[in-house]
Structure formats: C-alpha cells, structure tokens
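For reference, the structure is listed below as structure tokens.
Below, all heavy atoms of this structure are taken into account, side chains as well, without hydrogens, waters or symmetry copies. This one's a predicted model, so the numbers in the text were calculated from it and none came from an experiment.
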Amino acid sequence: MPSKTYKVSGMTCGHCVEKVEKFVGKLSGVHEVKVELENGNVAVSGEFNDTEVVNTIERLGYSVHQ
C-alpha cells in the first residue's frame, strides 16, 4: 500500500494529533494516519490524493513542508 510522510509544523499537543488523524483519516482512499508529534511527521497510507491531504492539514491551521 502506498504511503507518504509529510513534515508538519505547528502541532503542539495531543489535541493537534487527534485533529489531524481524524480529519485526514476521513479523506477518500486514506487507510491509516499516524502522527509523530515529537518530530512533526504525519505518515499517511492508502490510495489518496496528495493535494487533499496537504489542503486538509493546512485548513486545520498547520504548515506542511514538502
């Protein structure tokens, strides 16, 4: 299954992790989302649209660095 890891800044707490996992996890084709708060990594697996993932994370108020 394809996967991609995004570098995300602005996440500071467990609530941030829950929010990103919840909303990115609802996107079409996303199988799994794992957020590592310590290093700012968001790993997404599945057959998903990269632009939708980035836009969703940014709409939540975080910055994605690719």
Side-chain angles (χ1 to χ4, degrees):
M1 183 170 300
S3 66
K4 181 169 182 179
T5 300
Y6 301 87
K7 193 71 171 172
V8 178
S9 61
M11 298 183 298
T12 59
C13 64
H15 179 70
C16 300
V17 171
E18 290 174 14
K19 198 162 61 166
V20 170
E21 288 179 344
K22 175 183 177 182
F23 286 97
V24 173
K26 288 182 178 182
L27 295 175
S28 176
V30 171
H31 177 68
E32 185 176 27
V33 182
K34 288 192 177 183
V35 177
E36 295 177 2
L37 186 60
E38 305 79 33
N39 58 18
N41 287 340
V42 177
V44 182
S45 63
E47 299 283 344
F48 55 88
N49 181 304
D50 183 62
T51 304
E52 284 184 354
V53 171
V54 171
N55 288 344
T56 298
I57 293 170
E58 290 181 342
R59 274 197 305 274
L60 292 171
Y62 310 112
S63 299
V64 179
H65 311 281
Q66 295 190 34

Legend entry - Worked verdict on Ser9 versus Tyr62 for side chain to side chain contact (heavy atoms under 4.5 Å, CB included): CA-CA 6 Å; Ser9 61; Tyr62 310 112; over 6 Å; no
Inset, instruction - To the nearest 0.5 angstrom, please state how far the SG atom of Cys16 sits from the CG atom of Leu37. - result: 7.0 Å
Inset, instruction - Let me see the working for Val24 and Ile57 under side chain to side chain contact (heavy atoms under 4.5 Å, CB included), right down to the final yes or no. - result: CA-CA 7 Å; Val24 173; Ile57 293 170; 3.8 Å; yes
Inset, instruction - Would you please test Met11 and Val42 for side chain to side chain contact (heavy atoms under 4.5 Å, CB included) and show each step? - result: CA-CA 10 Å; Met11 298 183 298; Val42 177; 4.0 Å; yes
Inset, instruction - Measure the spacing between OG1 of Thr56 and CG of Leu27 and express it to the nearest 0.5 Å. - result: 4.0 Å
Legend entry - Whether over 12 other heavy atoms sit under 6.0 Å from Lys22 NZ: no
Inset, instruction - Determine the minimum heavy-atom distance between Ala43 and Thr5, stating which atoms define it. - result: CB-OG1, 3.9 Å
Inset, instruction - Spell out, as yes or no, whether a donor-acceptor pair under 3.5 Å connects the side chain of Lys7 to the backbone of Ser63. - result: no
Legend entry - Glu52-Asn55 side chain donor-acceptor pair, cut-off 3.5 Å: no
Legend entry - Derivation and outcome, side chain to side chain contact (heavy atoms under 4.5 Å, CB included), residues Val20 and Tyr6: CA-CA 12 Å; Val20 170; Tyr6 301 87; over 6 Å; no
Inset, instruction - Please lay out, stage by stage, how Lys34 and Glu32 fare under the test salt bridge (charged side-chain N to carboxylate O under 4.0 Å, His left out). - result: CA-CA 7 Å; Lys34 288 192 177 183; Glu32 185 176 27; 3.7 Å; yes
Legend entry - Gap between atom CZ of Phe48 and atom NE2 of His31 - 0.5 Å precision: 12.0 Å
